[in-house]
Amino acid sequence: MFYIHCPYCGELREEEEFHPKGQAHIARPADPAACSDEEWGDYLFFRDNPRGIHHELWVHAVGCRKFFNITRHTVTYEILETYKMGEQPRFTAEHPEGRPSQDGVEQASLREGVRA
């Protein structure tokens, strides 16, 4: 069992309270009616499955019931950070050690032992 930090509740809770919902940061087509069948099928069914850092959408199903994002390493299962919807991840494939936030305030991470 592992524990997940909910960025909305501000609590570290058992994984049974959460449910994964797939890849995060997937943009819906601006005009779905204008999409070809192939484009629509790609949007609905095809997702990245990287070896390494991956951004996932989760929901705190038993708690606040809000959706949020997790940056997780798919090889080690290490959760690097959790962050609210609309926020950008600190850890990416291009910045595996994290990057400073844009406003100059350092964003804490789970890797550093502090919940983001």
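Being a predicted model, the structure only gives us computed values, none of them experimental.
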Got a second to check how far [X]'s [atom1] is from [Y]'s [atom2], nearest 0.5 Å?
X: Glu14; Y: Tyr3; atom1: CD; atom2: OH; result: 4.5 Å
X: Leu80; Y: Ile53; atom1: CG; atom2: CD1; result: 5.5 Å
X: Met85; Y: Lys66; atom1: CE; atom2: NZ; result: 12.0 Å

Shortest non-hydrogen separation from Pro96 to Phe91 and the atoms involved: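 Shortest heavy-atom separation between Pro96 and Phe91 comes out as O-CD2, 3.3 Å.
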Check Glu39 against Ala34 and note the closest heavy-atom contact, atom names and distance.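 Closest approach of Glu39 to Ala34, heavy atoms only: OE1-O, 4.4 Å.
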For Glu16, I'd like to know if atom CD has over 12 heavy atoms of other residues, nucleotides or ligands within 6.0 Å.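 More than 12 within 6.0 Å, yes.
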Taking atom CZ as the centre, does Arg65 end up with more than 12 heavy-atom neighbours from other residues, nucleotides or ligands that are less than 6.0 angstrom away?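 Open.
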Below 4.0 angstrom, N of the basic side chain to O of the carboxylate: do Arg72 and Glu56 qualify?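 Looking at Glu56 together with Arg72, the answer is yes, because their closest N to O distance falls below 4.0 Å.
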Tell me which donor-acceptor pairs under 3.5 Å the side chains of residues 20-27 have, and how far apart each pair is, sequence neighbours excluded?
residue, atom, partner, partner atom, Å
Gln23, OE1, Asp48, N, 2.7
Gln23, NE2, Asp48, OD2, 3.2
His25, NE2, Tyr83, OH, 2.7

Validation row: [X], [Y] side chains within 4.5 angstrom (heavy atoms):
X: Glu81; Y: Pro89; result: yes
X: Trp58; Y: Ile79; result: no
X: Cys9; Y: His60; result: yes
X: Asn69; Y: Thr82; result: no

Residues that Tyr8 engages under ring pair (Phe, Tyr, Trp, His ring centres under 6.0 Å), provided they are two or more places apart: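 Partners of Tyr8 by the ring pair (Phe, Tyr, Trp, His ring centres under 6.0 Å) criterion come out as none, since no residue qualifies.
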Can Ile4 be reached from Val62 by stepping across I, L, V, M, F, W or Y side chains whose heavy atoms are under 4.5 Å apart?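 No, it is not one cluster - the side chains of Val62 and Ile4 are not joined through contacts under 4.5 Å.
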Worked check of side-chain contact (heavy atoms from CB on, under 4.5 Å) between His54 and Asn49: CA-CA 8 Å; His54 186 57; Asn49 189 17; over 6 Å; no
Main chain of His55, side chain of Thr71: is a donor-acceptor contact present, judged purely on distance under 3.5 Å?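 Answer holds: no.
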Tell me, which pairs form a salt bridge (Lys or Arg N to Asp or Glu O under 4.0 Å) where one or both residues lie in residues 25-37, sequence neighbours left out?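 Matches after skipping sequence neighbours: none remain.
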Would you please test Phe2 and Phe18 for ring pair (Phe, Tyr, Trp, His ring centres under 6.0 Å) and show each step? CA-CA 11 Å; Phe2 61 94; Phe18 301 90; 8.9 Å; no
